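The structure under discussion appears below in the form of structure tokens.
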Amino acid sequence: HGGVAADWAVADDLTLDVQVEANSSAFRDVSFLAKSPATVFAGVRKLWGNFVAEGGAGVGFDPEASYQYAYSVAFGYLF
């Protein structure tokens, strides 16, 4: 598994990021899963005091080997 990512702190409480990741397939004996999946994601992280909200979306380079579309949303609290 490998990846490259970049973050840009737009402000003290706002960060934008982009990530490209790929890995080898664990299912070489299944024809439609035999390719190596690769995806690109973009996201945003916002802080409100100790509360954190994150969101992102991604797309696979090859829909037969990776996500066609992927979305994530997360909320957290910094202790």
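Just so it is clear, the model here is predicted, and its values are computed rather than measured.
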- Note on the structure: The remaining residues in the hydrophobic cluster of W8, counting side-chain heavy-atom contacts under 4.5 Å among Ile, Leu, Val, Met, Phe, Trp and Tyr, are V10, L14, L16, V44
- Task: Would you check, one step at a time, whether the test side-chain contact (heavy atoms from CB on, under 4.5 Å) holds for F61 with V40?
- Result: CA-CA 8 Å; F61 291 114; V40 62; 4.2 Å; yes
- Item | Contacts of type side chain to side chain donor-acceptor pair (under 3.5 Å), residue D13, not counting sequence neighbours | K46
- Task: Side-chain contact test, heavy atoms from C-beta onward, threshold under 4.5 Å: evaluate it for T39 versus V59 and give yes or no.
- Result: no
Please set out all donor-acceptor pairs under 3.5 angstrom arising from side-chain atoms of residues 47-56, sequence neighbours excluded.
| from | atom 1 | to | atom 2 | distance (Å) |
| --- | --- | --- | --- | --- |
| N50 | ND2 | Y77 | OH | 3.4 |
| N50 | ND2 | L78 | O | 3.4 |
| E54 | OE2 | R45 | NE | 2.7 |
| E54 | OE2 | R45 | NH2 | 2.8 |

